[in-house]
Protein chains: 2
Amino acid sequence: MPREPSDKRPPSRRIADDLREQIKNGTYGPGDKLPSERKLAAQYGSARNTAAEAIDILRREGLAVAKHGAGAFVRLKPALLRLGSNRYSRTLRETTGLSPYRAEVTKQGRTPRVACTSIERVDAPEDVAQRLGLNDDDRSVVRRENWYFADDEPVQVGVTFIPWAIADGSVLATSANMGKGSLYARFEDLGHPLTRIREEISARMPTPEEVAGLVIPDGVPVLEVLHTGIDDNGDPFEVTRFVMRADFNALDYNMPIED
Amino acid sequence: MPREPSDKRPPSRRIADDLREQIKNGTYGPGDKLPSERKLAAQYGSARNTAAEAIDILRREGLAVAKHGAGAFVRLKPALLRLGSNRYSRTLRETTGLSPYRAEVTKQGRTPRVACTSIERVDAPEDVAQRLGLNDDDRSVVRRENWYFADDEPVQVGVTFIPWAIADGSVLATSANMGKGSLYARFEDLGHPLTRIREEISARMPTPEEVAGLVIPDGVPVLEVLHTGIDDNGDPFEVTRFVMRADFNALDYNMPIED
DNA sequence: CAGTGGTCTAGACCACTCA
DNA sequence: GAGTGGTCTAGACCACTGT
């Protein structure tokens, strides 16, 4: 680590750059402990704050995680859950009898758990109402909130909105348990076979509520998917807003090009 | 702002929470200037560092941006570019004569610019080779790097890999200019009509190189899309890795459910 | 020019982890 | 108990912005 007097970078950046380089070249591998802030400060002749800032830079980049009282460590990248477009396939549903999510997690050798934490009747938010084609005078929908876990770690939340006119009188409006074949089997029973999906995808940093609920470390964004289920008449019958930890989830779509 | 003696939050969090609340309730609207660090420090009776840390928290959440020497401001959310699955449609391509990207940006009233910054022959990286179905003994591909701008702001980079066996002898291997109808028209000329696409989507924080190249502010993640073009025989003929600023780009897919 | 953010120093107390 | 990160204070110099 030669001292370049012509180095324009501030000390905290320089320390961060050095550590990043050492992570990339394998000096510190995934899970390894990085030098403590006090060690770094001594080594670089800076204040402890400056070394701490360097570590913070790496945390924001998603390269390191800190454990209070224990040290800072190179982040180990967990296997990504790949949520594919085929997760909505009817044959997959019927052969496994599992919900799309359970099928995907099980396929990866992890233990899935889904918890429906609330079912209530509300007015749909603006963007949801628009995608469901609801008039302003009847935005009444069933709101179902689901939490998804893999090996008991929370990995995503999904909030589903179903027009009251469709859900009224079925288990969709009342019961956390969807029965065999899960959600889309019930829609099929009600005359709405899932025929097309629209998925609008964006990414952003999590809100403090999401950080708390999904236990999201620093430097990890969320993927937000606004999903619309469409039946054989081209009519939307369900909208779900998914929010998922971007370090645990990836999306994998395979689709035909349509003219 | 009543002082709760039982407030367990550290001062920096408390200031950040207060500001976040005021941004949410409209006290500070998009583009408004937030109080200076020195003002906040005085107001809360803390050190300037603590106020600065509070502003940093909001920046990491993507809620605020700082301009050196001028102040910190509530981030104004730019209109999202929605890159849809229909961007690959042949009819769209033929009616507009524009590349997918140009068509999409123009539709939004912005001025598109695409720059091909390099064309070279290389060996494909592991994940690309796998998706192209290349043997280990012939990974030779053409690598084309494209930068995409909207109103002269860089919004995404795309690196396309084409098997040498396909590109050899065509403009794909040599020329930045793709001619009328652009990339996929040339593949069609070569007997590879685009029939299906696979898109693998993830999100993460940008690397320092990406921050520099795409001019990405703090608190903004990137969307990474690994795109595979597949012809009417089901054979992949092209892979592109897109990296895009998540605050400028969203993805919008509409696809049939296949059994 | 005054005001602003960017970053640093030097020291401090706390809460936590690990052997 | 020794070591660690989390966070704070109080002060400082610099580079940049706007008028």
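A, B, ... follow the sequence lines: proteins, then strands. Residue 1 opens every chain. Atom set for the values below is all heavy atoms of this structure, side chains included, hydrogens, waters and symmetry mates excluded. All of these numbers come straight from a predicted model, not from anything done at the bench.
For B/Glu37, the side-chain atoms get nearest to C/dG6 when compared with the rest of C/dG6, D/dG5, C/dT9. If you check C/dT7, D/dT4, D/dC8 against the side chain of A/Lys33, the one that comes closest is D/dT4. Checked against C/dG5, D/dG5, C/dG6, the side chain of B/Arg59 finds its nearest nucleotide in C/dG6. The nucleotide whose nearest atom lies closest to any side-chain atom of B/Ala72 is, among C/dG5, D/dT9, C/dC8, C/dG5. Nearest to the side-chain atoms of B/Asn49 among the listed nucleotides C/dT17, D/dT9, D/dC16 stands D/dT9. The side chain of A/Arg48 lies closest to D/dG5 when the candidates are C/dG5, D/dT9, D/dG5. Checking D/dT4, C/dA15, C/dT7 against the side-chain heavy atoms of A/Pro11 singles out C/dT7 as nearest. In the set D/dT4, C/dT9, D/dT17, D/dT4 carries the atom at the smallest distance from any side-chain atom of A/Arg38. The side chain of B/Glu53 lies closest to D/dC8, out of D/dT17, C/dT9, D/dC8.
A salt bridge is defined here as a Lys NZ or Arg NE, NH1 or NH2 lying under 4.0 Å from an Asp or Glu carboxylate O, and A/Arg20 with A/Asp17 meets this definition. A salt bridge links B/Asp127 with B/Arg241; the closest basic N to acidic carboxylate O contact falls under 4.0 Å.
Look at NZ on B/Lys67: it is 10 Å from P on D/dT17, rounded to the nearest Å. Distance, A/Asp56 CG to D/dC8 P: 12 Å, rounded to whole Å. Taking atom CD1 on B/Ile55 and atom P on C/dG6, their separation rounds to 9 Å, with Å as the unit.
Within the nucleic acid shown, A/Ala52 has no heavy atom closer than 4.0 Å to any nucleic acid atom.
By the 30° and 60° cut-offs, the orientation of the rings of B/Tyr101 relative to B/Tyr148 is perpendicular.
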